[in-house]
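A short worksheet on the structure shown next.
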Amino acid sequence: MKRLSAFLCLAVCVLLASCSGGSGPSIIRTEVPERPAGQEDMLLYAAPPLDTVRIGFIGLGMRGPGAVERMCQIDGTRIVALCDVEQDRVEGASGILERLGRPEAAEYYGSEDAWMQLCDRDDIDLVYIATDWKVHAKIAKYAMEHGKHVAIEVPAAMNLTEIWDLINTSERTRRHCMQLENCVYDFFELTTLNMAQQGLFGEILHAEGAYIHNLEDFWDEYWHDWRLLYNRDHRGDVYPTHGIGPVCQALDIHRGDKMNVLVSMDTKAVNGREYYEKHRGEAAPDFQNGDHTMTMIRTEKGKTIMIQHDVVNPRPYNRLYQLTGTKGFANKYPVEGYMVDASKVGELMTVPSAQGRQEKVDIENLSAHSCVPEDVKQALMEKYKHPIQKELEQTAKKVGGHGGMDYIMDYRLIYCLRNGLPLDMDVYDLAEWCCLTELTAISIENGNAPVEVPDFTRGGWDRIDGYSHAFAE
């Protein structure tokens, strides 16, 4: 195997008995370490409420400044400290505070360890981490050990060693460790999740997600080429969370079901390698990341998931987000659409006409071969609009951040902290969504072998009955 973490060098072994009674492929298994004595899981964990959430930001390059600006527009927040290696980035973020009428924040810069000084402060409740991937877990672990909740940009951890460190640190310190996955808050995903939870699609059997995004226009923006270098050195799906996050919520992963096994394949590296050599001016004959990676996953309850990754080919942006159920279907990219069983709706819906009148929409003769007409789609989306979207949609569009989903993500984080509620995404979501980064590489480097997905909850995966958002009474 290539480039396995230290944890996996010790923990991965091949299961000699096959998954099908001796006639199928062997499964590569990964060890689930025993929970240390005195620790409890973080399922549905609610920390004591905070009247004002005092925040320190670490990483003010591509994502950090936007987060600072959004947090300035959320009630109950105070920006205490700002940190980046580069002084001008910290000063730029301080300018955002000044422009929006917020108090000055302490500034930390000048070294790659300056973030430690921020975490050492005793007047910060939440550390918001938007650095490069390689130091996400290191900073988060240190921050939790110093009494802070953490919110980490995606992916929050790059291998199983980091994942188990974050889980154990969160459980031991009783501090939230949330991954900042914004795509679960996109309007279509929220609405479709509500439809699924209301039974509109029947039982969800299959889901698809992806990160297909040609990064040719963005590679230069990554500090010291860190992302391009990571792709040079690693196979597998190195950026899975945008695709898998929303479908895991729809499938109630670790809230009644769990991912059991995955198989991954990739193409050879062509465009990625050629771009690297042109951009860096050096040969890369061993460029690792295939141009296109696809992964199939099977769950404990017999559901399937397909996830794809492609950041180098000339394709339209696409996160897929597709649900296939026994009574209906949803698809976001490339064209939004639904198919539903008319009996699941139960009544004729109405939509506003061009003259402002309410007109009936006939859904009795829906096609079995195409999505519902646009007026039916709009009526469905209005009828099943998620409560979070109803509350925040207008403000989210105004504040912005990927069309508003970034604002909703930050707002919900602060809302739950201030009300002492479980967060929308816990440390086990982080683990399950990030583990694909290393597990897909293991599968590919072992002839596309099946790889077991660890139970990061260590037995608690079916203790919660379905995914839900928490609300104050």
Listed once per pair and sorted, the salt bridge (charged side-chain N to carboxylate O under 4.0 Å, His left out) pairs that draw on [range], sequence neighbours left out:
| range | answer |
| --- | --- |
| residues 150-159 | R63-E153 |
| residues 459-473 | D41-R463 |
| residues 237-252 | none |

What is the minimum heavy-atom distance between [X] and [Y], and which atoms define it?
| X | Y | value |
| --- | --- | --- |
| L118 | C83 | CD1-CB, 3.8 Å |
| Y384 | Q198 | CE2-CB, 3.8 Å |
| A196 | L323 | CB-CD1, 4.5 Å |

Has the side chain of [X] got a donor or acceptor atom that lies under 3.5 Å from a matching backbone atom of [Y]?
| X | Y | answer |
| --- | --- | --- |
| E277 | A284 | yes |
| Y222 | L228 | no |
| Q249 | L190 | no |
| D257 | K301 | yes |
| H309 | T293 | no |
| R175 | S170 | no |
| N331 | Y333 | yes |
| T299 | M259 | no |
| T304 | R298 | no |
| Y185 | G404 | no |

Review point. Relative to each other, are the rings of W226 and W133 parallel, tilted or perpendicular (30° and 60° limits)?
Key: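 Ring orientation, 0 to 90° scale: perpendicular.
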Review point. Hey, what's the ring geometry for H254 with Y428, parallel, tilted or perpendicular (30° and 60° as the breaks)?
Key: perpendicular
Only distances under 3.5 Å count here; give the side-chain donor-acceptor pairs of residues 89-96 to other protein atoms, sequence neighbours excluded, each with its distance to 0.1 Å.
unit_1, atom_1, unit_2, atom_2, d
E91, OE2, Q87, NE2, 2.8
S94, OG, V90, O, 3.3
S94, OG, E107, OE2, 2.6

Does [X] have any side chain to side chain contact (heavy atoms under 4.5 Å, CB included) partners at least two apart in sequence or in another chain, and if so, which?
| X | answer |
| --- | --- |
| E145 | K141, T169, R172 |
| E104 | none |
| H146 | D120, Y142, K148 |

Review point. Does the pair Y467 and H469 meet the rule for a ring pair (Phe, Tyr, Trp, His ring centres under 6.0 Å), with working shown?
Key: CA-CA 7 Å; Y467 177 80; H469 298 86; 5.1 Å; yes
Please identify each residue that fulfils ring pair (Phe, Tyr, Trp, His ring centres under 6.0 Å) with [X], with sequence neighbours left out.
| X | value |
| --- | --- |
| F471 | none |
| H242 | Y211, Y239 |
| H206 | none |
| Y109 | none |

Review point. Would K258 and E432 pass as an ion pair if we require N to O under 4.0 Å?
Key: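 Salt bridge flag = no for E432 with K258.
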Exercise for review: Answer yes or no: is there an ion pair linking D426 with R255, defined by an N-O contact shorter than 4.0 Å?
Suggested key: yes
For a quick check under 3.5 Å, do [X] and [Y] share a side-chain donor-acceptor pair by atom type?
| X | Y | answer |
| --- | --- | --- |
| R235 | S264 | no |
| H224 | D132 | no |
| Y411 | E391 | yes |
| E86 | W223 | yes |

Exercise for review: Could you go through the side chain to side chain contact (heavy atoms under 4.5 Å, CB included) check for T295 and M306 one step at a time?
Suggested key: CA-CA 6 Å; T295 303; M306 183 177 74; over 6 Å; no
Check your understanding: Y275 and N271: side chain to side chain contact (heavy atoms under 4.5 Å, CB included), yes or no, with the steps?
Key -> CA-CA 6 Å; Y275 179 81; N271 279 349; over 6 Å; no
Exercise for review: Would you please name every residue forming a salt bridge (charged side-chain N to carboxylate O under 4.0 Å, His left out) with R319, sequence neighbours left out?
Suggested key: D186, E189
Exercise for review: Apply salt bridge (Lys or Arg N to Asp or Glu O under 4.0 Å) to D125 and R78, showing your working.
Suggested key: CA-CA 10 Å; D125 305 303; R78 179 185 166 205; over 6 Å; no
Practice item. Could you check E393 against K397 for salt bridge (Lys or Arg N to Asp or Glu O under 4.0 Å), going step by step and ending with a plain yes or no? Key: CA-CA 6 Å; E393 182 174 8; K397 289 179 178 178; 3.1 Å; yes
Exercise for review: Would you please indicate if the ring centroids of W164 and F456 are separated by under 6.0 Å?
Suggested key: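 They qualify: ring centres under 6.0 Å apart.
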Review point. Yes or no on side chain to side chain contact (heavy atoms under 4.5 Å, CB included) for E445 and Q288, after CA distance, side-chain angles and deciding distance?
Key: CA-CA 11 Å; E445 292 172 352; Q288 291 293 302; 4.3 Å; yes
Check your understanding: Do D410 and L180 touch side chain to side chain, with heavy atoms closer than 4.5 Å?
Key -> yes
